[in-house]
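Structure first, then comments.
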Amino acid sequence: MPKHSIRAVTAAAALVCLTGFGPSPGGGASPPAQPAGPSQAAPSRFVPGPCPKPPEPIEALSGARCGFLEVPENRSRPGGRTIKLAVAVIPAVTPAKPAQDPVVFMAGGPGADTFDDIPFLVGSGLNKDRDLIIMAQRGNLYDRPNLACPEIDRFNARAVGLGYDSQQAEQLMVKAVKDCRSRLTAEGIDLSAYNTTENAADFADLRKALGIPRWNVYGYSYGSNLALTYLRLHPEGIRAFAIDSITPPQHVTLPWTWASTAEGIDNILEACAAEPACKDRYPDVRRTLTEQVRKLEAHPLTLNVAPPGGGKPVKVVLDGGALLNLIVAFTPRPEDLPAALDELSNGNPQRFAQARAAGSVQKVGMFAHGLTESVVCGEWAPGYSETDVLKAGRKTYPGWPDTVLAQVPQLPFQYPACRIWNVPDRAAAQRLPTVSSVPALVISGTFDVKTGASWAKDVARNLSRSTSVLVPGIGHWVVPQSPCAQSVLASFFARPTAPDTACVDGLKPKPFTIIPK
């Protein structure tokens, strides 16, 4: 695996972002948050400067043009303080004259380190023919201020040894959120300003500050939510618009996550049933999954397991909630899921236990949990309650334990956390469809258990010049995992109204892992 592996989500990390090539080892801490005080400088200007220096060097940054975009922290408060957002312009690799319209990338999360995605973007050919522009969304790593929450990272590391939905886990999570909020607000940070509308305005200002007449947009996961908001509010200057693993603004609420998660899991199980070898070896994976969720929730396993990257064994608790959330975090990978469940049902929990142990190794201070909480609590949680989440879970998985169904997949204890985070309700401003005639490409994977593929249809219907691509057997963040999707994306940016999607025809999921009986 590459050093910059796509990350698996642990408890309390963002729902839609950190995707599934496997957990990554711990790294260095982020720079400390630096409050940007009041400034007399004109807002929204680009200031050249050195490129960030990640703990694991990123080769593409060696030839990049970097700096900060200075923007108002809260555009509704004229004369207020400004913040600085890290920017990198990575040049095209083509020896000929590159296209004049670059690609700007909008990362998932919310809260993920955008710069950590650069190796995947370059490896996927995003800067083959045109420059690639990277900007860390407000509050992210390398920004000033940085809304990292080491308190939550430390909780996540400890949580692997607790029941996923236990009272102790909730108490520790809520305390971590409270401690982080208190620290950030003491630094003068306006948490209400870290939202999708402001994020979108930042990108609109970036295009103008860099003097770019037209550019192309590519966003995945939460970045698709942000991109759709950007297209709705700031359509000028967008030549072509591509989104991957769609998080539709008009639908994303916390109860929504249950239907989205179930769709991806169902597609994996149905693909196994459609593959003769998998069906013969694992004749009823769906029943096995339900049995194991129930069994582990009633009688959790406590084990000492070494993390995948090595090191001393750590205590892990494997219960029903942990089992489900490991599946949602793509650990194990979809092609290994039937085998892992079969092993578990026969008394061998090693694959799941080791995946759980991976959460004990955290990159402390690298993830902007503050942005996550502000977006989730302001945009996804309002209008619904813990009861609504439980009802949605029961509808999706009737017969599963309520203790599992009461927690949003990937976002446990979010309502108690939001009561602490206490940002304004922005649902009415954010839960709106985007209607546009800009040429668009909508990419989904059938095995996506974070943002179910069918939700892209409603988005595409409102994009009158859109092309939809469904890639079989691929999970969250399709392009880096699929050479075909990379080809389609490249052809789309070359010819936005006539992309070549022929490679999708005939694609099949990877064969499932078959273990001896």
Side-chain angles (χ1 to χ4, degrees), residues 8 20 164-165 257-301 303 316-356 390-407 409-410 444-454 470-476 507-517:
Y164 185 84
D165 53 356
T257 60
W258 275 113
S260 188
T261 290
E263 179 184 348
I265 293 176
D266 286 348
N267 285 345
I268 295 169
L269 303 185
E270 288 169 7
C272 175
E275 181 187 292
C278 191
K279 182 179 181 181
D280 179 66
R281 179 62 185 83
Y282 316 110
D284 198 344
V285 188
R286 191 180 305 274
R287 185 180 67 182
T288 303
L289 172 60
T290 295
E291 288 175 347
Q292 292 307 306
V293 168
R294 290 174 175 171
K295 180 180 178 180
L296 288 174
E297 193 67 3
H299 304 287
L301 295 177
L303 306 159
V316 301
V317 173
L318 189 59
D319 56 14
L323 176 63
L324 172 68
N325 280 272
L326 290 169
I327 294 170
V328 177
F330 294 97
T331 48
R333 300 291 296 161
E335 62 268 22
D336 296 326
L337 179 58
L341 287 170
D342 183 80
E343 290 172 341
L344 181 63
S345 69
N346 285 287
N348 179 8
Q350 185 64 23
R351 292 193 202 226
F352 288 109
Q354 191 170 53
R356 180 83 161 137
L390 179 58
K391 286 180 179 177
R394 286 171 172 169
K395 181 178 179 180
T396 304
Y397 288 113
W400 280 26
D402 280 356
T403 47
V404 174
L405 302 176
Q407 300 302 330
Q410 302 281 279
S444 303
T446 60
F447 286 2
D448 190 343
V449 296
K450 298 174 185 290
T451 56
S454 69
L470 182 62
V471 183
I474 300 295
H476 201 63
L507 283 181
K508 294 182 179 180
K510 291 180 182 179
F512 285 91
T513 300
I514 306 299
I515 57 176
K517 290 187 178 181

Taking only residues two or more places apart in sequence, or in another chain, which ones meet [X] in a side-chain contact (heavy atoms from CB on, under 4.5 Å)?
X	value
Q350	V305, N348, Q354
P349	L301, L303, L318, L344
D402	L390, R394, L405

* Would you sort out whether D342 and R281 count as a side chain to side chain contact (heavy atoms under 4.5 Å, CB included), showing the intermediate values? => CA-CA 9 Å; D342 183 80; R281 179 62 185 83; 3.0 Å; yes

Measure across [X] and [Y] and return the closest heavy-atom pair with its distance rounded to 0.1 Å.
X	Y	result
F330	H476	CZ-N, 3.5 Å
I514	A277	CD1-O, 3.7 Å
F512	P334	CE2-O, 3.5 Å
A271	F447	CB-CZ, 3.6 Å
V404	G321	CG2-N, 3.6 Å
A262	T396	CB-CG2, 3.1 Å

* Residues Y282, I515; criterion side chain to side chain contact (heavy atoms under 4.5 Å, CB included); working and verdict -> CA-CA 10 Å; Y282 316 110; I515 57 176; 3.4 Å; yes

How would you list, by chain and number, every residue that makes a side chain to side chain donor-acceptor pair (under 3.5 Å) with [X], sequence neighbours excluded?
X	answer
E343	R351
T288	none
T513	D336
E335	none

* Asked: Does a side-chain heavy-atom distance below 4.5 Å link L289 with I265?
  -> yes

Please answer whether the main-chain N or O of [Y] pairs with a side-chain N or O of [X] as donor and acceptor at a distance below 3.5 Å.
X	Y	result
T261	W258	no
D280	P276	no
T446	G473	yes

About how many Å separate [atom2] of [Y] and [atom1] of [X], when rounded to the nearest 0.5 Å?
X	Y	atom1	atom2	result
L341	D284	CG	CG	11.5 Å
L323	R356	CG	CZ	10.5 Å
D165	L324	CG	CG	11.0 Å
F352	L337	CZ	CG	5.5 Å

* When you check the side-chain N and O atoms of E297 and T403, is any donor under 3.5 Å from an acceptor? -> yes

* To do: Would you list the pairs meeting side-chain hydrogen bond (donor to acceptor under 3.5 Å, both in side chains) in which at least one residue belongs to residues 263-275, sequence neighbours left out?
  => E263-S454, D266-R286

* Can you list the residues that meet the salt bridge (Lys or Arg N to Asp or Glu O under 4.0 Å) rule with R294, with sequence neighbours excluded? -> none

* To do: List for me each residue that meets ring pair (Phe, Tyr, Trp, His ring centres under 6.0 Å) alongside W400, sequence neighbours excluded, and say none if there are none.
  => Y397

